[in-house]
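Notes follow once the structure below has been shown.
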Number of protein chains: 2
Amino acid sequence: MTGNRVLVVDDEPGLVTALSINLRVHGWEVGAATDGAQALDMAARWHPDVVLLDLGLPDMSGLDVIAGIRGWSHVPIVVLSARQHGEDKVDALDAGADDYVTKPFAMDELLARLRAAVRRAAPVDAADDAVVEAGDLTIDLARRRVHRSGAEVRLSPTEWAVLETLVRNRGRMVPRLQLLQEVWGPAYSNETGYLRVYTAQLRRKLEADAAHPRHIITQPGMGYIFET
Amino acid sequence: MTGNRVLVVDDEPGLVTALSINLRVHGWEVGAATDGAQALDMAARWHPDVVLLDLGLPDMSGLDVIAGIRGWSHVPIVVLSARQHGEDKVDALDAGADDYVTKPFAMDELLARLRAAVRRAAPVDAADDAVVEAGDLTIDLARRRVHRSGAEVRLSPTEWAVLETLVRNRGRMVPRLQLLQEVWGPAYSNETGYLRVYTAQLRRKLEADAAHPRHIITQPGMGYIFET
DNA sequence: CGGGACGTTGACGGTCCCTTGACGCCGTCG
DNA sequence: CGACGGCGTCAAGGGACCGTCAACGTCCCG
């Protein structure tokens, strides 16, 4: 029901390990990054439900990491910092962070803030039904399963990511840029070839007549749209 | 652009006054309540963009206030509390609060957290469709779709960009220069021929009688106007 | 070690769209 | 009355985009 993937970003391996153990005990799936570049890469590829970010990173400013993620994603970001005072808080929140926790912190407060951050973000995504029907297609967004005329259709992770993005925005056009960024990450904004390949594969698996699709519709020059 | 109504709930009149002055200086419209019942009443009647809530109220628990608001509204709630430690934070966040600030607090941090809370909430509300009706035309600005007498009309990217600019300024004249710059960019300020071509195409697709348009009206020598 | 699934590229043909120019209409002004 | 400018219309060419196919490398699992 609740999202459970947290990306921990901290340059101190000991703290990352300690946090990971604690978070896993409380049911989180944990991913880790020790510098800003890794963090951006993980955020793009792994799609965490919340990012726990230490501002003191070796390779780039924490604010740049926030900006780098906010450029294409609305995933909640909880900032973790040793500095008790100063304008860090203000800057981080204004840069797009969702919450701020100062070291030292109580574990249960951190957990509560993570839960709150995920819960706040939830309504945006979870507003739609878990199961979407479209003609002879049945798409279960929660279970990540697709059935066509009752038979299960096997989708690769990328195929599913493309379909999920389209289905969550069903009835409305999804711009190419948004699709690329949500599935492949912000560095792939120009790889329109990917979209051609994967829409074709999805049509082959899901459409009765791939040459005349009824669900995955191209809006030339703009993007794609999923029709129920 | 940003929401600007904040409801301040605190039983201490002096603090309410001080906060109100500070918030007003920074552009907020401020409403005040000094107990839980007032707070719930104000929240329901006044529809603030964010609630700043002190947990220590005379008549009811702060958690009940949170629950009372959460029962019907997703307005962001920032909790304000004197207690530095304890489980207050955890309880408040789990009850549905969005953020937590402890006294004493820095004014600029509070302002940043309020801004962050409002910004987070914005997408949920802004997701409502801007659908414009004009005669037999239905233009869905969010979904990027146009229907005429119920049938979908296919528009090219440039056609859509022109129409969108006109519709977003419906009822107002859009100068040629603005139209050219918003659709083609600032380097195309003299390409008035483009406008002639695309207004003609749009009329052919959208108007019942392209020779006597009822929606896309020319203002000779100046620009175009979209009439509903 | 072998095989399959998957992601990534590149090539190619077909289609659609943007751009451009020419032309006619109409109102205005000299 | 004729010239002129603004506007609408049309058509054509060239380029961008899209769908399709195939090949390659990688990773994982048997």
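All values below come from the heavy atoms of this structure, side chains included, with hydrogens, waters and symmetry mates left out.
More than 12 heavy atoms of other shown residues, nucleotides or ligands fall within 6.0 angstrom of atom CZ in B/Phe105.
Interatomic distance, A/Leu180 CG to A/Asn190 CG, rounded to the nearest 0.5 Å: 8.5 Å.
In terms of modelled atom types and a separation under 3.5 Å, the side chain of A/Glu207 and the main chain of A/His212 share no donor-acceptor contact. A donor-acceptor pair under 3.5 Å links the side-chain atoms of A/Arg70 to the main chain of A/Gly96, judged by distance alone.
Residues A/Arg144 and A/Trp160 meet the side-chain proximity criterion, which asks for heavy atoms closer than 4.5 Å. A/Tyr224 has its side chain out of reach of A/Val162: every pair of non-hydrogen atoms, C-beta onward, lies at least 4.5 Å apart. Using a 4.5 Å heavy-atom threshold, the side chains of B/Leu202 and B/Leu155 count as touching. Counting heavy atoms from C-beta outward, B/His47 and B/Ser73 have side chains that stay 4.5 Å or more apart. Taking the side chain as every heavy atom from C-beta outward, A/Val16 and A/Leu19 never approach each other to under 4.5 Å. Side-chain contact check for A/Val146 versus A/Ile139: some heavy-atom pair is nearer than 4.5 Å. Side-chain atoms of B/Phe226 and B/Ile216, non-hydrogen and from C-beta on, do get closer than 4.5 Å to each other. In this structure, A/Trp28 and A/Asn22 have side chains that are not in contact, with every pair of non-hydrogen atoms separated by 4.5 Å or more.
A 4.0 Å heavy-atom criterion places the boundary nucleotides of DNA chain C facing chain B at C/dC17 to C/dT20, written 5' to 3'. Counting 5' to 3', DNA chain D first comes under 4.0 angstrom of a heavy atom of chain A and last does so at the ends given by D/dC17 to D/dC21.
Heavy-atom distances under 4.0 Å link DNA chain D to B/Arg176 of residues 164-178 of chain B, given in residue order. DNA chain D is contacted by A/Arg196 of residues 184-196 of chain A, taking any non-hydrogen atom closer than 4.0 Å. Scanning residues 211-228 of chain B for heavy-atom distances under 4.0 Å to DNA chain D yields B/Thr218, B/Pro220, B/Gly221, B/Tyr224.
In this structure, B/Arg115 does not pair ionically with B/Asp108, as no charged nitrogen and carboxylate oxygen lie closer than 4.0 Å.
Between B/Asp98 and the options B/Ile77, B/Val75, B/Val50, a side chain to side chain contact (heavy atoms under 4.5 Å, CB included) holds for only B/Ile77.
Applying the salt bridge (Lys or Arg N to Asp or Glu O under 4.0 Å) test to every pair with at least one member in residues 156-179 of chain B, sequence neighbours left out, gives these pairs: B/Glu159-B/Lys205, B/Glu164-B/Arg168.
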